[in-house]
Number of protein chains: 2
Amino acid sequence: MRNEVAPVRHGTMRERNLAVVLGEVTRRQPVSRARLAQVTGFTKTTVSSLVATLKDAGLVKEDGPVRGGERGRPATAVSVNGDRVAGLGLEVNVDYLAACVLDLGRRIRHRHIVAAANQGRDPERVIAALTRLAEQAIAAAADQGLSVAGAVVALPGALDRMRGRLRTAPNLGWSDVAAGELLEAGLPPLPLPADYDNEANLAALGELWFGDGPELGAYVHVSGEIGIGAGIVVDGRVFRGAHGFAGELGHVVVDPGGAPCACGGRGCLEQVAGQEAILRAAGIADATATSPASPDGPLSALVALLERGDERALTAVRRAGESLGQALAAAVNLLDPDTIVLGGVFSTLAPWARPAAEAALAGGAGVVRGSPPRMTVSRLGGDAAALGAAALVVERVLGDPGKLLTVARPTAAPAP
Amino acid sequence: MRNEVAPVRHGTMRERNLAVVLGEVTRRQPVSRARLAQVTGFTKTTVSSLVATLKDAGLVKEDGPVRGGERGRPATAVSVNGDRVAGLGLEVNVDYLAACVLDLGRRIRHRHIVAAANQGRDPERVIAALTRLAEQAIAAAADQGLSVAGAVVALPGALDRMRGRLRTAPNLGWSDVAAGELLEAGLPPLPLPADYDNEANLAALGELWFGDGPELGAYVHVSGEIGIGAGIVVDGRVFRGAHGFAGELGHVVVDPGGAPCACGGRGCLEQVAGQEAILRAAGIADATATSPASPDGPLSALVALLERGDERALTAVRRAGESLGQALAAAVNLLDPDTIVLGGVFSTLAPWARPAAEAALAGGAGVVRGSPPRMTVSRLGGDAAALGAAALVVERVLGDPGKLLTVARPTAAPAP
DNA sequence: CTCAATTTGTACATGACCTGGACTAATTAA
DNA sequence: TTAATTAGTCCAGGTCATGTACAAATTGAG
């Protein structure tokens, strides 16, 4: 009914205050303790104490005194310590596995994508391969003096987030796979509990931290692959709906009385703008057989046709763009985003699909808002979800450093 | 970017803990201090202290010792004090003004609806009338020993929530009206700052506290009047989107190539299922001229036809229901609610419109979810928004009692 | 070159608030 | 009547932010 509120004790208070200070440090680094006291409203004493704790935990560092040219004692600059703690992002997708290590400064410290035809393959084998990738990533982090605080795993399908149980992954042909258990069994325990989320949601978050960032405001990130999903991000948080199925853009009806869809409806967006549908309409056969040999899958063939000006391909893609715009218009009316980000296949096809999509969107997007939202194209590559996953770990550490204090102290060294 | 976190000091800690205890009291009342200590995890000492503070503020009361039949010292029951503090809800609508006073137990202590043809009327006059209504409500509350903690105002249109500035209210024919300023100028200042919100959002919240309540889960509340809006509620909070325009269900396209709409699109839901459109299709003329004389407006004529089995009316309403179901299918795919609540005119027309709506919804609602969400009909009357507004004030008091402590102490009586 | 002004960061006493154990109060079961 | 049991308060103790010095490190003026 109402938001549950947890009791606050002294420890909780300190944890939140650590987060407040760390937040200001990330925002303003390098920054002096005195300035932190100003902006947070804490006394200098309190800030000093909080910074000391954060420094002990390896989350911030002192950069030595900086003479500011003004008079008075020079400040010692405090900034985020990117050399101790890192986040791990993992991704399972139809044609690749990916791992990514990000330090607290969101610099990529390790990134590994391996092509793999996972469709229909034994889930245990695939997760075992992912586990090896994770081990390598953790080792690579350790080589750089980084200890991995936690991991987030991107999975392509509907899942139980807490336990990492994949309920169905239509494109993989999997159902009810205990991906989380399998993964964690083969991995050393990390300070923060592992988390699992839909690939589309994490790709959307990746856009927040590696794409146009805060400029996006509230946004809808369209991640079309085989299916078409949308990640809805408001206030830096993913909107999931009641059961985590929000953003099913692919099954919004754009053509009542159109082709029947597996979902039971007719004329779903996926039937017109899904990767297979586009390839079929463009006259490219056997869209299903994804060959990991060709880097972009069957899409590269389509792009070649488009670049050559093939009329049939152009029409197919324009048609897809138009339908996408129609579905997005519904999304805009219901969700009122600032921005639409085209990701997945649509970022590749954007040069040809976007004009039609924008026109259709403008034609049906709300009376009160005034103008339709901006439409941008994702510049992130294929492993956007792995990137977003790793960044989410970093975000959790920065957003609640207290969680690490009890466990952390990276490689350990007893105090003298 | 990340959620801003405010510094926590000792005072903040206590405020939150007061809210924790008050929350458990509302949930479990009547309840002993000892039990509160168990469920909150506080020590008995702390609970006693917090309860004492809440009692001083008039938010909870002791009901005297209750012998529970078990052995040991009998507990003194603590429960919410409904006789001291109240919330005020106000509503401006096209054909009426409403005020509603709710005590902390969410009992209605005063309710006043006056018919008024506000369409096109001078905003200042209308707000002046509302101010009088509010004054009467505050006086009526005082007569019952209640002091009004704050007010929330429901307005029909797009607005600046903080300042109560109505940007456009198409159905009233108003634009850029400083409703908040006008209202607050004529009213004594209240302990909590006034807040303003869209009528549809507040009606949706009313459903939470006076309708089926927590059973609803995440839900979409359709409030069709002249236009068709939807209030989206997740976790007890309204989802507003980036600019507060989320839930514009009326402009979701259900018939591409259909009748042109004022919003620039074609075949918007409002063109088929808006009140005017239904009346026109049912053959009832002059839908616009709302006569405040007939209690339900022109809708009663339609209902009469429907009850008589008029084929044209039945078809019109079924058609509207079907289109509504289609638009809702898009909403379900994008928002993943547990429940759809039909409110506004649709609650009146539900007996005839609902089957078609449910069928259309089932036909297009998502592949992964499995089943479409439940559909229920609002049992709240016309002033749902005023009710929801008042309940929102109550909710704020219960959710953050600390805000009142500094100011409250109702009619005052110096301690001996 | 020296001293006042200025700013940074720390030390120490103070105060707010939660905790924990002891203690009193009020019952029921034996 | 007594032991057991449960409710609620009292008081000492601990944690953490606050506020007032105060030492440290620099710039600018005379």
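Throughout, protein chains are lettered first and strands after them, A, B, ... in sequence-line order, and every chain is numbered starting at 1. Small disclaimer: the values here were computed from a predicted structure and weren't measured.
Distance, Asn17(B) CG to dC18(C) P: 5 Å, rounded to whole Å. dT6(C) atom P lies 5 Å from atom CZ of Arg71(A), rounded to whole Å. For the pair Met13(A) CE and dG15(C) C1', the interatomic distance rounds to 12 Å; values are reported in whole Å. The nearest whole Å value for the distance from the NE2 atom in His10(B) to the P atom in dG15(C) is 13 Å. To the nearest angstrom, C1' of dT10(C) lies 12 Å from CD of Glu62(A). Remark: C1' of dG9(C) and CG of Leu36(A) are 12 Å apart, rounded to the nearest angstrom. The CZ atom of Arg33(A) sits 10 Å away from the C1' atom of dT10(C) (whole-angstrom rounding). Remark: C1' of dA22(C) and NZ of Lys44(B) are 10 Å apart, rounded to the nearest angstrom.
Direction change of the helix axis from one end of the helix from dC1(C)-dG30(D) to dA30(C)-dT1(D) to the other is 10°, with five pairs defining each end axis (rounded to 10°).
Between the side chains of Thr46(B) and Ser49(B), no donor-acceptor pair of N or O atoms lies under 3.5 Å. Arg14(B) and Thr53(B) share a donor-acceptor pair across their side chains, judged by distance under 3.5 Å alone. No donor-acceptor contact under 3.5 angstrom links the side chains of Ser147(A) and Arg84(A), judged on distance only. A side-chain donor from one of His243(B) and Asp338(A) sits under 3.5 Å from a side-chain acceptor of the other.
Among the heavy atoms of the strands lying under 4.0 Å from Ser32(A) are primed sugar atoms or P, OP1, OP2 only; no base atom is included. Counting non-hydrogen atoms under 4.0 angstrom, Thr76(A) reaches the backbone sugars and phosphates but no base.
One finds a salt bridge joining Arg109(B) and Asp83(B) here, because a Lys/Arg side-chain nitrogen approaches an Asp/Glu carboxylate oxygen to under 4.0 Å. Under 4.0 Å is where a charged nitrogen must lie from a carboxylate oxygen, and between Lys55(A) and Glu62(A) at least one such pair does. Arg106(B) has a carboxylate O that lies under 4.0 Å from a charged side-chain N of Glu395(B), or vice versa, which qualifies the two as a salt bridge.
For the pair Pro74(A) and Thr46(A), nearest-nucleotide mapping onto DNA chain D gives the more 5' position to Thr46(A). With DNA chain C read from its 5' end, the first of the two nearest nucleotides for Pro65(B) and Thr45(A) is the one closest to Thr45(A).
The outermost nucleotides of DNA chain D lying under 4.0 Å from heavy atoms of chain A, listed 5' to 3', are dG14(D) to dG28(D).
Residues Glu24(A) and Val31(A) are not in side-chain contact: their nearest non-hydrogen atoms beyond the backbone lie 4.5 Å or more apart.
The aromatic rings of His10(A) and His10(B) stand perpendicular to each other, their planes meeting at an angle above 60°, with 30° marking the opposite boundary.
Close to dA16(C), at under 4.0 Å from its OP1 or OP2, lies no side-chain N or O of Arg14(B).
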